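The structure appears right after this line, and notes come after that.
Quick caveat: nothing in here was measured; it's all calculated off a predicted structure.
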Amino acid sequence: METVGPNAVPLKHTGLPARLLRKLWAPVPWMLEATIVLESVLGKWLDALIILAVLSLNTALGIIQERRAEAAVDLLRTRLEINARALRDGAWTMIPASRLVPGDAIHLRVGDFVPADVVVHDGTVMVDQSTLTGESMPVARGPESTVYSGATVMRGEASGTVTATGAATYFGKTAELVGSSAPAAHLEHVVLRIVRVFIAVDLVLAVAGTAGLAAAGSTTADVISYAVILLLASVPVAMPAAFALAGALGARHLASLGILTTRLTALQDAASMSVLCIDKTGTLTENRLAVAAVAPIGDVSRDELLRWAAAASDAATQDPLDLAILAAAGESAGAGDRLSFTPFDPATKRSEATVSRDGRTVRVAKGAPHVIAAMAEAAPPADLAALAAGGARVLAVAVNDGTWRLLGLIALADRVRPEAAGLLARLTGLGIRVIMVTGDSAGTAAAVAADVGLTGGVVQADDLAALTGGEGGPSVIAQVLPQDKHRIVQLLQQAGHVVGMTGDGVNDAPALRQAEVGIAMETATDVAKSAAGVVLVRGGLNDIVGLVEESRRIHQRSLTYALNVSVKKLEVPLLLTAGVFSFGQLVFTPLLMALLLLANDVVSMMLTTDNARSSQRPDTWHVGRTIAGALVVAVPMLGSSLALLWASGQLWPGGGIDQSAPLSS
């Protein structure tokens, strides 16, 4: 253990000092920090404290958001805090799973949570690893096959050797992906790009204004006052808060509709989402097996075949196959009085029952088609290939009332949600490219894609060359692992897309965290919900459309605010500098500028409550167009403001601009 470490997912925490430094080292904080310094030099302690409070609030909110990613890793880590049956010193004993090391021999039983990656040597088990790999049905694992950490043993017993523990396991690598994943902060970049424009304007005006003040023989205090006012006039101090308010109001509305937002940036980015990767199992499908087809042989009827299959099933086992067959057989389940029942055994690949019917004792079996056909000394039915081509799990049923006789085949599949096809059509109509991502085979994926109307073709996870193309790219990616989903999201982001991802299992968590819009389904694991930015509380998928439409309304409100603030952040600094040259004095005092800052920036936040209509295409931020539009409005306003100042000085010399007054007044 000293060499490989404990069988646990390591946590990587960044210290608070490092977090603070990262949050304070950026253009917007720089402007606020410079203003605080200048206000302190002038002795304006109250103004400095107010600005410090704003800076502290923004920093605290950023640190809280970062903690959400660590919470997802914490949830994954706690899943490994269990016990395991290990062979130590020649005796089997229960030890904490955290003490397992590669090379340990362990034994797995029904109901066990597999604590490490294990290669099976003896026995056979059926394991549910849908939350890890996306496979919708339990899979059999026998000698020389691997059982992954995080899977659950549904049937059988097996012994094997631990091959990987902790972060080296399949499960641990998924946890590391969650911890290291994070989407790009698009809205933060928009704010920074707008601020850069204001900084560039400030630099030009600062040079011009300082030159004008120097020519007028102004004091150092006057120059500092000018700099303070210029900074206060230019810094969009309330813009991040306004965007957050717009998102918070939208999140509140969505919550009333059963859509919970755990990360506001996800809600805001949903407006720009151009690609949505939808997980198949549990998202497009119900993650519940159901009888998809029944193929009787000879004169056996469909209902009779289901009754015999139900006789070889038992709800007490909670086997998904048994439950699906019993549900399809309904009240007519059973072909007689059952005398005995042998549950499905991965070693024999069949279940069997003995029933009394019409005074006779009859045996009935269901299981793998080649096993049941061999019992009946018959060839596998011709329908087998066609039924299995779509990825369904196919079972054969036979009875023995003297000799074994093959009755037919039953195909079971994870049913597509009834609203899935309509939802995908609506998303496509909103300009969003939909890609189905699944761990199932290409055949299963293609069958589901046909059911939901995805026609762009199927590729596998090792062939993603066409993924980042335009509308003609693939619409289905099959046989993906957790790291593949994560890589798919990254490839799409590198191609310039804002990516959404839906899912419900541990295998989806890294991609949910990496995507700008991670959407966890109603039945999602805690890990998936923690990694996602949006959680759907109600069943079904229709709420995704509501999420997109509301996010686009939020974008329109944020754009209105950004345009309004940009107009003021261009006009007021220009007015301040023009006042120096036109009237030989500052037209604002620092206190007046602080009040104007509150009146302009804070009061204007009410624009985030405006009525707005959602667009029919993804919304994107065009900072250049926004600034250009603001400048078109700011220049006439500057002219009218200068005219008003001049007129006030002429009409009310005592209340307007007094050209004889010193600059520091």
Side-chain angles (χ1 to χ4, degrees), residues 110-111 126-140 150-155 258 278-294 306 309-310 312-331 333 343-344 351 366-367 387-388 390-395 409-424 436-441 443-452 454 478 502-508 519-529 535-544:
V110 175
M126 290 288 292
V127 294
D128 178 2
Q129 54 187 29
S130 60
T131 60
L132 290 171
T133 65
E135 296 169 290
S136 56
M137 291 178 282
V139 294
T152 303
V153 179
M154 305 296 291
R155 285 284 178 81
I278 293 188
D279 180 61
K280 179 190 76 70
T281 305
T283 306
L284 289 177
T285 65
E286 297 177 345
N287 197 20
R288 185 176 65 229
L289 287 177
V291 172
V294 179
L306 285 173
S313 305
D314 195 324
T317 66
Q318 288 299 292
D319 186 313
L321 301 173
D322 285 9
L323 295 177
I325 290 173
L326 290 170
E331 295 181 358
F344 180 85
S351 62
K366 78 174 194 311
L387 292 175
R393 179 74 172 270
V394 182
L395 300 177
L409 301 174
I410 297 176
L412 301 103
D414 187 9
R415 289 190 299 190
V416 172
R417 291 179 182 269
E419 75 275 14
L423 165 79
L424 299 189
M436 185 179 80
V437 181
T438 177
D440 281 332
S441 66
T444 301
V448 175
D451 287 342
V452 298
L454 293 176
T502 70
D504 64 348
V506 173
N507 66 308
D508 301 317
I519 305 171
M521 306 305 295
E522 175 199 18
T523 57
T525 63
D526 289 342
V527 174
K529 290 178 180 178
V535 178
L536 303 185
V537 175
R538 300 183 299 193
L541 301 169
N542 288 321
D543 286 338
I544 295 178

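- Nearest heavy atom pair, residue A328 against residue V291, reads CB-CG2, 3.5 Å.
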Show, in sequence, the C-alpha distance, side-chain angles and deciding distance for L395 and I325, and conclude whether the side chain to side chain contact (heavy atoms under 4.5 Å, CB included) test is met.
CA-CA 10 Å; L395 300 177; I325 290 173; 3.9 Å; yes

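- L284 is listed as a side-chain neighbour of L424, based on a closest heavy-atom distance under 4.5 Å.
- Across every non-hydrogen atom of A324 and L289, the tightest pair is CB-O, 3.4 Å.
- Remark: I278 CD1 to I544 CD1 distance equals 5.0 Å, nearest 0.5 Å.
- For the pair P343 and S351, the tightest heavy-atom approach, listed with the atom from each and the gap, is C-CB, 3.9 Å.
- Pairing each heavy atom of D279 with each of G503, the nearest pair is CB-CA, 4.0 Å.
- Counting heavy atoms from C-beta on, the side chains of S313 and K366 come closer than 4.5 Å.
- The heavy-atom pair separating T285 from R417 by the smallest distance is O-NE, 3.4 Å.
- Contact between D314 and D322 at its shortest, heavy atoms only, is N-OD2, 3.2 Å.
- Once rounded to the nearest 0.5 Å, the distance linking CG of D543 with CD1 of I519 reads 10.0 Å.
- L306 has its side chain within reach of I410: a pair of non-hydrogen atoms, C-beta onward, lies under 4.5 Å apart.
- Here the CG-CZ distance, from L412 to R288, works out to 13.0 Å after rounding to the nearest 0.5 Å.
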Apply salt bridge (charged side-chain N to carboxylate O under 4.0 Å, His left out) to the pair R415 and D451, showing each step before the final yes or no.
CA-CA 10 Å; R415 289 190 299 190; D451 287 342; over 6 Å; no

Between V537 and E522, does a side chain to side chain contact (heavy atoms under 4.5 Å, CB included) hold up when you go through it step by step?
CA-CA 5 Å; V537 175; E522 175 199 18; 5.9 Å; no

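- Residues R393 and L321 form a side-chain contact, since some pair of their non-hydrogen atoms from C-beta on lies under 4.5 Å apart.
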